Amino acid sequence: MSRIRRLPETLVNRIAAGEVVERPAAAVKELVENAIDAGARQVDVVLGAGGRSLIAVTDDGIGMDADDLELAIERHATSKLADDDLVEIDTLGFRGEALPSIGAVARLRITSRRRGADTALEILVEGGIRAPVKPASGPPGTRVEVRDLFYATPARLKFLKAERTETQAVADALRRLAMAYPEIGFSLADGERRIFAFRPETGTGAEARLARLGRIMGRDFAANALEIEAERDLLRLEGHAGLPTLNRGTAQHQYLFVNGRPVRDRLMQGVVRAAYQDFLARDRHPMVALFLTVPARLVDVNVHPAKAEVRFRDPQLVRGLIIGALRHALAEAGHRAATALGGVGPLGTVNQAVLPAAAPRPMPGAVGAGQDSLWSAARAAAAGVLADRPDPQAAARATAFWAPPVGETVRPHELADRGVAPPAPPAARGAAPADHVADEATRAHPLGAALAQLHDTYILAETRDGLVVVDQHAAHERLVYERMKRHMAEAGVPSQGLLLPEVVELDEAVADGLLRRAAELGRLGLEIEAFGPGAVLVRGVPALLGRVDAQGLVRDLGDEIAEYDEALALADRLEAVCATMACHGSVRAGRRLTIPEMNALLREMEITPHSGQCNHGRPTWVSLDRTAIERLFGRR
């Protein structure tokens, strides 16, 4: 091997550039962070060819003089450290680190004018070769132009993606910074069009932040976001989280900021999923933007070259703070569901007029608020058991009402083919006659009085102010789930032994995963034991579920545990299993209900926490007030 030698400065800078500037978006991020640290109130970014030919960042910050410009392009020179302490870092980066790295692989021009100065100054750097500072024209602030990025290292150009993709990456980086600094205006243009422009937000604190989040994450988020505010020890958490019914198919809309710095932390997705697991299906993700303030000595922001990741001294403290704050906000939301009905297919004219008015709305006096008289009366009518446990007799009646049918759902027209008498018509089963009018006392309940069942799936109820439509399966799934959690917290879910134990054939790895958790499943009322390789024997099922398909239940649980076995803590895992069991034990779509059964379901919803959405994040009910109905028929 050859002797150790010192590399030329230009080569050292190009190596550093490879760590700091791997694509145009990284250069934009560094330059915009410099502008923020310089006290800018407006930052404008212009791209050419996705950042390959041009990146121009203009700010109205404090600007630089000749000495500052000379030092700014030197490695390891910075204005962002008051002393030599690398622990107490309260800025976004180091101005003297990114600029020489960019100048080593591109043509860099910096034009800057100090506030109060008569003229601007300019310095050029091309491929690491610098020119002297000279006078120039320009307004107060700084303009940084980066042309022909990676021209000095052409091999890097081969790894850049399409122009559109690189532009989107720049836009994403800039939007993240705009979320963290709503008091600053940001704009992005690509030479042909302005991609976005955010004015500085008026107001302060949470109001300004939510306004900026609404512009970036959408108006639906702003209308359906819960404010998050919590403190623990020296940590402070602020931000907004969307209602469970406002969810997406990916985790792209989950943002974490630490001391004003946007980061992509692996802790984030698992923490948010744990907080929302009571309310969302596995393939759905909530929308959240969380801003964490941590003493600088408790977080390391330099573990990643691009500062995209951070390392906490006590990650469990951070995890507990975020989960606790999110769960508290969701509990305070109570029955509230999102006002947006996303993903609706083609609709007729009348339906398009109805849906905006029929969107799920906040239930007055949601659990924890206790302000609305109707909801207070509903809770009082439930013998004050909402916060603790339902009346055992009421729970027994509800269980009898909602016991799932044996086997699969059978349509009435199929029964004659099997030699079985069809069910009695609705009037004979206690359903209301056509001229039925709900009594005033029942209509006064928040969810009103049941009138009919639509398509054997939806309950129509009349209230004093209009109409409520309830999805019977989604609503009952939430009620069963909350009941199972309560039983599990108290003494475990009682088990109903099977007269003939069932053998369930499974993949061997899935069966082993189930048997490892047999004791935990026993707390939920599911009694299983080994029955040879790749099989389990089911001896008992949760009594709360009534008659249930043991085969389907065990297979679904096996899939749940196989996916989350290593990812969730014990309590989190058990609650995920509870959700699967609740789905199997709920009143199915297609199940005929009588008027008393429907009213029992409505009354139980009114006293159950989180009954505004099912375990998968779907709303359980929507309402249409009288004004909207009258508007449909031209009465208003």
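What you see is a predicted model, and the numbers here were worked out from it, not measured in a lab. Residue numbers run from 1 in the order of the sequence given.
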Rounded distance (nearest 0.5 Å) linking atom [atom1] of [X] with atom [atom2] of [Y]:
X: Asp456; Y: Arg592; atom1: CG; atom2: CZ; result: 4.5 Å
X: Met179; Y: Ile216; atom1: CE; atom2: CD1; result: 4.5 Å
X: His240; Y: Leu210; atom1: NE2; atom2: CG; result: 4.0 Å
X: Arg175; Y: Leu213; atom1: CZ; atom2: CG; result: 13.0 Å
X: Leu226; Y: His328; atom1: CG; atom2: NE2; result: 10.5 Å
X: Leu514; Y: Ile528; atom1: CG; atom2: CD1; result: 5.0 Å

Has the side chain of [X] got a donor or acceptor atom that lies under 3.5 Å from a matching backbone atom of [Y]?
X: Asp507; Y: Ala509; result: yes
X: Thr620; Y: Ser611; result: yes
X: Thr165; Y: Lys161; result: no
X: Glu597; Y: Thr594; result: yes
X: Asn224; Y: Asp220; result: yes
X: Arg539; Y: Leu526; result: no

Please give me the minimum heavy-atom distance between [X] and [Y], naming the atom from each residue.
X: Met598; Y: Leu593; value: CE-O, 3.5 Å
X: Phe221; Y: Gly242; value: CE1-N, 3.7 Å
X: Ala325; Y: Ile228; value: CB-CG2, 3.8 Å
X: Ala461; Y: Leu467; value: O-CD1, 3.3 Å
X: Thr250; Y: His285; value: O-CB, 3.2 Å
X: Arg284; Y: Arg273; value: O-NH2, 4.1 Å

Might you work through the side-chain contact (heavy atoms from CB on, under 4.5 Å) test for Tyr276 and Leu330, ending with a clear yes or no? CA-CA 8 Å; Tyr276 275 82; Leu330 293 171; 4.0 Å; yes
Do [X] and [Y] have side chains that approach each other closer than 4.5 Å (heavy atoms only, starting at C-beta)?
X: Val468; Y: Trp621; value: yes
X: Arg603; Y: Thr608; value: no
X: Arg555; Y: Val510; value: no
X: Thr293; Y: Leu237; value: no
X: Leu317; Y: Phe312; value: no
X: Leu447; Y: His445; value: no
X: Met605; Y: Leu479; value: yes
X: Leu292; Y: Phe257; value: no

Does one side chain, of Gln472 or Gln453, offer a donor that lies under 3.5 Å from an acceptor on the other? yes
side-chain contact (heavy atoms from CB on, under 4.5 Å) for Val469 and Ile459? Distances and angles first, verdict last. CA-CA 6 Å; Val469 184; Ile459 298 171; over 6 Å; no
Contacts of Glu227 that satisfy salt bridge (Lys or Arg N to Asp or Glu O under 4.0 Å) - sequence neighbours left out: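 In terms of salt bridge (Lys or Arg N to Asp or Glu O under 4.0 Å), with neighbours along the sequence ignored, Glu227 is linked to no residue.
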Between Glu229 and Arg236, is there a side-chain N and carboxylate O pair less than 4.0 Å apart?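 Salt bridge between Glu229 and Arg236, a charged N being under 4.0 Å from a carboxylate O: yes.
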The test is side-chain contact (heavy atoms from CB on, under 4.5 Å); show your working for Asp512 and Glu508 and say whether it passes. CA-CA 6 Å; Asp512 289 344; Glu508 191 166 343; 4.1 Å; yes
His253 atom NE2, neighbour heavy-atom count above 12 within 6.0 Å: yes
Residue of the set Asn247, Leu326, Val272 for which side chain to side chain contact (heavy atoms under 4.5 Å, CB included) holds with Pro286: Val272
Output, in order, the C-alpha distance, side-chain angles, deciding distance and verdict of side-chain hydrogen bond (donor to acceptor under 3.5 Å, both in side chains) for Arg248 and Gln252. CA-CA 8 Å; Arg248 296 292 184 265; Gln252 285 185 329; over 6 Å; no
Between Asn599 and Leu601, is the side-chain contact (heavy atoms from CB on, under 4.5 Å) condition met? List the steps. CA-CA 5 Å; Asn599 277 321; Leu601 184 63; over 6 Å; no
